[in-house]
Student: 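Structure provided below as structure tokens; questions to follow.
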Amino acid sequence: MSGIPAQQLVGTRQHWASFFDEPRPLMADLILDEAGDEALNHYYGDRWRRPAHTPDAIEAEGFYPNLGGAARWIYFLAAPLRDAGGKIIAVIETVQDITERKQVEATLEAKVAARTEQLATDIAQREQAELELLKRYAELTELNCQLHDAQEQLVQSERLASIGQLAAGVAHEINNPIGYVLSNITSLRGYLGDIYRLFDAFEALEGDRPANDPALLAVRQLKQAVDFDFLKEDLPALLRESEEGASRVRKIVADLKDFSHADQAQEWVWANLVNGIESTLNVVNNEIKYKAEVVRNFTELPSIECHPSQLNQVFMNLLVNAAHAITAPGTITITTAQPDPEHVQISISDTGCGMTEDVRARIFEPFFTTKPVGKGTGLGLSLSYGIIQQHRGQIDIDSTPGQGTTFRITLPIRQQAPDTPPAA
Ligand SMILES: Nc1ncnc2c1ncn2[C@@H]1O[C@H](COP(=O)(O)OP(=O)(O)O)[C@@H](O)[C@H]1O
Ligand SMILES: [Mg+2]
């Protein structure tokens with residue numbers, strides 16, 4: 001195997017020459033010299049060990065690039081022979097060519113490595129695919145949500161638009177009659193005053209008549225029959241109520257007209273919303289002051305292109321609603337913000353009763369109200385919705401029953417009317 005003829009080695013201590021260029025002890029020599037682990041480590045590094053079955057033997061494997069003209073893997077096993085006293089008298093060392101086994105092992109290892117790598121790639125690909133799938137799923141869910149929102153908004157604006165048209169028609173028809181009803185009531189009140197004065201004059205005349213005058217008796221009887229005293233008292237009250245009712249109708253008609261944007265001729269102007277909020281607060285102060293403390297969280301806002309009086313109407317509706325929602329003393333917080341360079345945001349929060357999901361779903365419907373007759377018309381929010389839409393803005397709501405509500409309005413700073421192309 002080593003390429004050195006046996007007769008050159010047998011009986012000599014030149015065995016090292018088979019494996020190494022320079023003289024050095026072999027495994028058998030080390031056992032014979034009873035060298036310790038340190039010497040073994042020195043010559044064999046970490047490639048040697050003591051076999052479990054014969055602890056005083058030593059085995060090792062080594063690679064020799066040129067052994068008898070070929071590269072070989074060699075397995076050495078050396079074991080001592082002892083006399084009766086346990087003294088080492090000789091060492092048997094076997095040398096075995098394990099090149100073929102090593103080659104098979106190496107091929108096997110390479111195969112295992114290749115398979116492991118393939119598996120790792122497979123797993124990575126599968127994980128990637130799974131991630132992709134999850135991402136797609138999230139995107140789909142998001143898309144679905146958006147679709148749902150868009151559909152809801154579409155239904156909402158469709159409904160509001162058709163009701164708007166109807167409202168404009170109805171408002172137009174009612175406007176005239178309610179106008180003359182109100183003006184007639186005013187005339188009636190005047191006439192009634194005159195008639196009362198006449199009655200008083202007649203009653204003064206009665207005093208001049210003899211008590212048994214049959215005409216006087218007849219008049220007294222008639223007065224009693226028609227319950228004249230009650231009539232005199234009740235008439236002005238009836239008139240007052242009629243006038244109040246007619247005024248309310250006129251107010252609703254005006255709201256309806258606003259709601260349907262019957263008078264669209266308004267110009268867009270640049271205005272600062274904080275000023276608008278302040279003046280609106282002055283107007284509704286009476287509704288708020290006994291119920292809520294107003295907290296102003298104002299930051300500097302740029303002026304925006306808008307219809308200021310309409311936006312004030314929105315603020316008024318929101319502030320009055322907030323005050324209505326509060327029963328025990330509470331707080332209304334008004335916050336301004338600029339979420340991005342193109343938009344401004346106004347939030348109005350209250351510590352009031354909040355809304356259930358069912359109520360929340362319907363608040364923008366015209367005439368939807370949870371308030372008693374006379375306090376709510378159910379038009380405030382549908383009106384506000386229309387105004388904000390016209391400004392290309394958005395209303396968001398957070399509400400928790402028993403805790404409060406926040407209305408958040410986001411408005412673009414700049415309007416771009418559809419019929420005016422952007423300036424070049
Ligand atoms: N800040 C709020 N807190 C609780 N509920 C509210 C609030 N704002 C509006 N709502 C609910 O929305 C309904 C509709 O409001 P709106 O359109 O202004 O009509 P109205 O105030 O005349 O009832 C109210 O009746 C109420 O139920
Ligand atoms: Mg309202």
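Indexing begins at 1, ligand by ligand and atom by atom, following the structure's order.
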Student: Which residue owns the protein heavy atom closest to atom 12 (O) of ligand 1, what's the atom, and how far is it?
Tutor: Ile363 CG2, 3.1 Å
Student: Would you say the ring centers of Phe76 and Phe19 fall short of 6.0 Å from each other?
Tutor: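 Yes.
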Student: Just to confirm my output: which protein heavy-atom neighbour is closest to atom 21 (O) of ligand 1, and how far is it?
Tutor: Lys371 NZ, 2.6 Å
Student: Report the part of Thr405 in contact with ligand 1, treating N, CA, C, O as backbone and CB onward as side chain, heavy atoms under 4.0 Å; options are side chain, backbone, both, neither.
Tutor: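 It is the side chain that touches ligand 1; the backbone stays farther off.
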Student: Step through the shown structure and confirm whether more than 12 heavy atoms of other residues, nucleotides or ligands are within 6.0 Å of CG on Asp340.
Tutor: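 Counting neighbours around CG of Asp340, more than 12 heavy atoms of other residues, nucleotides or ligands fall under 6.0 Å, so yes.
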Student: Checking a contact table here: which protein heavy atom is nearest atom 16 (P) of ligand 1, and how many Å away?
Tutor: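 Answer for atom 16 (P) of ligand 1: Leu381 N, 3.6 Å.
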Student: Name the closest protein heavy atom to atom 23 (O) of ligand 1, giving the residue it belongs to and the distance to 0.1 Å.
Tutor: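 Nearest protein contact, heavy atoms only, for atom 23 (O) of ligand 1 is Thr369 OG1, 2.5 Å.
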Student: Could you identify the single nearest non-hydrogen protein atom to atom 26 (C) of ligand 1 and state the distance to 0.1 Å?
Tutor: Thr370 OG1, 3.4 Å
Student: Among all protein heavy atoms, pick the one closest to atom 1 (N) of ligand 1 and tell me residue, atom and distance.
Tutor: Asp350 OD2, 2.8 Å
Student: I'd like to know if Glu100 and Arg72 make a salt bridge, using a cut-off of under 4.0 Å between side-chain N and carboxylate O.
Tutor: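 A salt bridge is absent here (no side-chain N lies under 4.0 Å from a carboxylate O).
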Student: Does a side-chain N-to-carboxylate-O contact under 4.0 Å join Glu342 and Arg414?
Tutor: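 Looking at Glu342 and Arg414, the cut-off is not met.
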Student: With side chain to side chain donor-acceptor pair (under 3.5 Å) as the criterion, how do Thr406 and Asp398 come out once you've worked through the C-alpha distance, each side chain's angles and the decisive distance to 0.1 Å?
Tutor: CA-CA 5 Å; Thr406 298; Asp398 281 327; 5.5 Å; no
Student: Evaluate Ser382 for polar contact with ligand 1, using N/O atom pairs at a separation under 3.5 Å.
Tutor: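 For ligand 1, there is no N or O atom that lies under 3.5 Å from one belonging to Ser382.
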Student: When you measure from atom 18 (O) of ligand 1 to every protein heavy atom, which one gives the shortest distance, and what is it?
Tutor: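 Answer, as residue, atom name and distance: Asn321 ND2, 2.8 Å.
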Student: Within less than 2.8 Å of the Mg ion (ligand 2), how many protein N/O/S atoms are there?
Tutor: 1
Student: Pick one of side chain, backbone, both or neither for how Phe407 approaches ligand 1, counting any non-hydrogen atom pair under 4.0 Å.
Tutor: side chain
Student: Would you call Asp194-Arg197 a salt bridge at under 4.0 Å N-O?
Tutor: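 Yes, charged N to carboxylate O under 4.0 Å.
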Student: Name the closest protein heavy atom to atom 19 (O) of ligand 1, giving the residue it belongs to and the distance to 0.1 Å.
Tutor: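 Protein heavy atom with the smallest distance to atom 19 (O) of ligand 1: Gly378 CA, 3.2 Å.
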Student: Run Lys223 and Glu203 through salt bridge (Lys or Arg N to Asp or Glu O under 4.0 Å) and show every step you take.
Tutor: CA-CA 11 Å; Lys223 267 184 163 177; Glu203 275 184 337; 2.6 Å; yes
Student: Strictly below 4.0 Å, N to O, side chains only: are Glu206 and Arg209 in salt-bridge contact?
Tutor: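 Looking at Arg209 together with Glu206, the answer is no, because their closest N to O distance does not fall below 4.0 Å.
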Student: Tell me yes or no: between the side chains of Thr299 and Thr336, is some donor less than 3.5 Å from an acceptor?
Tutor: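 Yes - a donor-acceptor pair under 3.5 Å links their side chains.
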Student: Check whether any side-chain N or O of Tyr64 sits under 3.5 Å from a backbone N or O of Phe20 as a donor-acceptor pair, and report yes or no.
Tutor: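 Not confirmed, Tyr64 side chain does not pair with Phe20 backbone.
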Student: Just grab all the side-chain hydrogen bond (donor to acceptor under 3.5 Å, both in side chains) pairs involving residues 105-114, residues at least two apart or on different chains.
Tutor: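 The answer is Arg101-Glu105.
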Student: Taking 4.0 angstrom as the limit, do Arg50 and Glu59 come out as a salt bridge?
Tutor: no
Student: Considering the heavy atoms of Ala325, write down every atom of ligand 1 situated less than 4.0 Å from one of them.
Tutor: 2 (C), 3 (N), 4 (C)
Student: If we check side-chain hydrogen bond (donor to acceptor under 3.5 Å, both in side chains) with Gln415, which of these qualifies: Arg392, His391, His307, Gln390?
Tutor: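 Single pass found, and it is Arg392.
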Student: Heavy atom under 4.0 Å from ligand 1: found in Leu383's side chain, backbone, both, or neither?
Tutor: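 Leu383 to ligand 1: no contact under 4.0 Å from either part.
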Student: Could you name the option among Glu365, His324, Met355 that has the heavy atom nearest to atom 5 (N) of ligand 1?
Tutor: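 Answer by nearest heavy atom: Met355.
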